[in-house]
Amino acid sequence: MAEKITARAKNYPEWYLNVVKEAGLASNSDVRGCMVIKPTGYALWEKMQRGLDKLFKDTGHVNAYFPLFIPMSYLAKEEEMAEGFAKECAVVTHYRLKAEKGKPLHVDPTAELEEPLIVRPTSETIIWKSYKEWIQSYTDLPLLINQWANVVRWEMRTRLFLRTAEFLWQEGHTAHANAKEAEEETHRMVNVYRTFAEEFMAMPVLVGPKSDGQKFPGAIYTLCIEAMMQDGKALQAGTSHFLGQNFAKAFDVKFTTQDNKKEFAWATSWGVSTRLIGGLIMTHSDDNGLVIPPRLAPTHVVICPLGRNEAERAPCLAAAEKLAAELRNLPRNEFFGYEPIAVKIDNDMKNAPGYRFAEYELRGVPVRVEIGPKDMEKSACVVARRDVPGKEGKMMGIPLGGAAAHIDGLLRDIQKALFDRAKKMRDDRTTTANTLDEFKQLFPVNADGEDGELGIDALKFVYAHWDGTRETEDRVQKEFKATIRCIPFDGPTESGTCIFSGKPSAKRVVFARAY
RNA sequence: CGGGGUGUAGCUCAGUCUGGUAGAGCGCUUGGUUUGGGACCAAGAAGUCGUCGGUUCGAAUCCGGCCACCCCGACCA
């Protein structure tokens, strides 16, 4: 078998890039740090959008759109945000080029903008500038708005989906009449993200606040969902920020309360991005390629008719078409977003069967059906589940009559099996450190101060006591390349002693190496 | 911004040390044989060797400048 994909155990980052490229999700573009999202990758994003958008609408939000360009002075108004993003902003300074015969195309120096525009790294500032006009009275609140957009953050180093200079995302920006409602919203939305991650992506997550060192610039606090990848590293998959009155004050957004007083509005913002696709890949995929949980799969089932000649193929193809129709006509339900099961018939007989099977495995189609002459004799088919790769995942002799129902059930089983497997991995690789020595062993650093070459089984999520200070957090990051990922809501609650400083600790927090 | 590496066919790369008119595998096109886990045969199309300059009778190859990308750091919600 031609090895298109490096084994995870051999080189995990290379495996990841191989999967992204061989499954046809995305490729690097000519623009440094920016990717081309190919149809298969974009279809996955569309499925994610659809799932999330429904959850947003169900919680009372509406979509709107704000400009790509933001006057530089807007960003300057919120000091923490300006400081946080200054180093990674793309800046537009001119509005015209000059095309002269015999000269290369160049920027027209006479067309300089009076005020530079930045390409949005996030939209709080320009949105709150609008909210100043929209919010006059407590009756205008809450204002619950989401935007699907692209943003640009000029990162030094990028990786397909996980960190790119331009990425697609959604950003929710809400305004509320009081702190309590805004905080409830912050929690509501992080729970929406948890639901999406666990029920759609089959990706178990830890939920809780970030430490101060990891929070969003301009936020009072940041809640996050944090997932474990197959190499034991953590991936921040979504964040929900309680912004207090910081942006209302920066943009002077006041409303009249019921008792005719003026008050600044309370804010939240929350977002997830195409990074989720990276997380999805690193949670479920294997050495044979992409694995997509059924609820997000653009194609749920591929049917491969087989046969050595036209006479053998014709009845197989007819059976394939019948089965496809049955699958598409199954009653729609919530599990598949009230959409029909997406079935593709692969009738490309030019390629050998093995090639075709491997190709769909590479692309992560959850269920593959094979219908060949031997099956036709028994009015049966072969059903293969992608979460069990290779021949082991094949079930022979599924009667054609009951195949549609069988596959419908199997898709649900696969969704559950993927979640259970991912959760088991995370739980098996979660531990505690009660002393500094234990911690050192869990996050070894080589002589150069680098994190060294660890096998993919080495890293863990580590619960340890921390004194709550920024100072200790920074020290741990520097010495062990490990960061506080999250202070889980449902984590252990016993108090103790910080293993780094010896000071009292209220609660254990989760340390990990991160993407 | 530091350290390392790479630019040769659509893709992956050999050829560079030792200068002599451009190679392989995969992919693609055509025809034929195949078809239950990545088939085979034959013919064919395809490259101003990243770029600019220098040395030379002659440069992918030697020398110099520049550009781009990748990897490792630093940085990063």
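Side chains are part of it too, since the values below use all heavy atoms of this structure and drop only hydrogens, waters and symmetry mates. A, B, ... follow the sequence lines: proteins, then strands. Residue 1 opens every chain.
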Would you mind telling me which of [options] lies closest to the side-chain atoms of [X]?
| X | options | answer |
| --- | --- | --- |
| A:Ala358 | B:rG37, B:rG36, B:rG73 | B:rG37 |
| A:Glu370 | B:rC70, B:rC1, B:rG36 | B:rG36 |
| A:Pro353 | B:rG37, B:rA74, B:rG36 | B:rG36 |
| A:Lys481 | B:rC70, B:rA74, B:rC76 | B:rA74 |
| A:Leu17 | B:rC71, B:rG73, B:rG36 | B:rC71 |

From [atom1] of [X] over to [atom2] of [N], roughly how many Å is that when rounded to an integer?
| X | N | atom1 | atom2 | result |
| --- | --- | --- | --- | --- |
| A:Arg159 | B:rC70 | CZ | P | 13 Å |
| A:Asn18 | B:rC11 | CG | P | 17 Å |
| A:Tyr355 | B:rU34 | OH | C1' | 16 Å |
| A:Arg163 | B:rC71 | CZ | P | 13 Å |
| A:Arg513 | B:rG73 | CZ | P | 10 Å |
| A:Glu155 | B:rC75 | CD | P | 13 Å |
| A:Phe357 | B:rG37 | CZ | P | 7 Å |
| A:Tyr12 | B:rC71 | OH | C1' | 19 Å |

Would you mind classifying the nucleic acid contact of [X] as base, sugar-phosphate or nothing, using non-hydrogen atoms under 4.0 angstrom?
| X | answer |
| --- | --- |
| A:Gly390 | base |
| A:Asn309 | nothing |
| A:Arg368 | base |
| A:Glu312 | nothing |
| A:Pro13 | nothing |
| A:Lys210 | nothing |
| A:Pro389 | nothing |
| A:Gln214 | sugar-phosphate |

Checklist entry - Quick one: is the NZ or CZ of A:Arg368 closer than 6.0 Å to the six-membered ring centre of A:Phe357, and within 45° of its axis? => result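 Output yes; distance and angle both within limits.
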Next on the checklist: Under the side-chain contact (heavy atoms from CB on, under 4.5 Å) test against A:Ile5, which residue among A:Leu290, A:Leu17, A:Asn288, A:Asn18 passes?
Outcome noted: A:Asn18
Could you tell me how far [M] sits from [N] if I compare only their [atom1] atoms? Round to whole Å.
| N | M | atom1 | answer |
| --- | --- | --- | --- |
| B:rU51 | B:rC11 | P | 15 Å |
| B:rA68 | B:rC49 | C1' | 16 Å |
| B:rU21 | B:rA59 | C1' | 11 Å |
| B:rU61 | B:rU18 | P | 14 Å |
| B:rA60 | B:rU8 | P | 15 Å |
| B:rC13 | B:rC71 | P | 13 Å |
| B:rG27 | B:rA45 | C1' | 13 Å |
| B:rA14 | B:rU6 | P | 9 Å |

Who pairs with [N] - Watson-Crick or G-U, where each distance is under 3.5 Å:
| N | answer |
| --- | --- |
| B:rG53 | B:rC63 |
| B:rG47 | none |
| B:rG73 | B:rC1 |
| B:rU6 | B:rA68 |
| B:rG31 | B:rC41 |
| B:rG23 | B:rC13 |

Checklist entry - Side chain of A:Arg356, base of B:rG36: donor and acceptor closer than 3.5 Å? => result no
Checklist entry - Side-chain donor or acceptor of A:Asn351 under 3.5 Å from a matching atom on the base of B:rG38? => result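 Looking at the base of B:rG38, it does not pair with any donor or acceptor on the side chain of A:Asn351 (distance under 3.5 Å).
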Checklist entry - So, does A:Glu185 use its side chain to make a donor-acceptor pair with the main chain of A:Ala267 at under 3.5 Å? => result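 Answer holds: no.
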Checklist entry - Are the side chain of A:Asp286 and the backbone N or O of A:Gly289 linked by a donor-acceptor pair below 3.5 Å? => result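 The answer is yes, because a donor-acceptor pair under 3.5 Å joins these two groups.
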Next on the checklist: B:rG38, OP1 or OP2 - any side-chain N/O from A:Lys350 closer than 4.0 Å?
Outcome noted: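 A:Lys350 to B:rG38 OP1/OP2: no side-chain N or O under 4.0 Å.
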Item to check | A:Lys391 vs B:rG37: side-chain N/O to OP1/OP2 distance below 4.0 Å | outcome: yes
Item to check | Salt bridge flag under 4.0 Å for residues A:Glu326 and A:Lys322 | outcome: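 Salt bridge flag = yes for A:Lys322 with A:Glu326.
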Next on the checklist: Please determine whether a side-chain nitrogen of the Lys or Arg among A:Asp474 and A:Lys478 lies less than 4.0 Å from a carboxylate oxygen of the Asp or Glu.
Outcome noted: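 Judged by the 4.0 Å cut-off on N to carboxylate O distance, A:Asp474 and A:Lys478 do not form a salt bridge.
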Checklist entry - What pairs of residues pass the ring pair (Phe, Tyr, Trp, His ring centres under 6.0 Å) test when at least one of them lies in residues 207-235 of chain A, not counting sequence neighbours? => result A:Phe216-A:His241, A:Tyr221-A:Phe242
Checklist outcome for this item: For residues 360-397 of chain A, the ring pair (Phe, Tyr, Trp, His ring centres under 6.0 Å) pairs (sequence neighbours left out) are none
Checklist entry - 5'-most contact on RNA chain B: A:Phe216 or A:Cys381, nearest heavy atom basis? => result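 Looking at the nearest nucleotide for each, A:Cys381 comes out on the 5' side.
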Item to check | Position toward the 5' end of RNA chain B (nearest nucleotide), A:Gly372 or A:Gly84 | outcome: A:Gly372
Item to check | Donor + acceptor pair across side chains of A:Tyr515, A:Asp231 (<3.5 Å) | outcome: yes
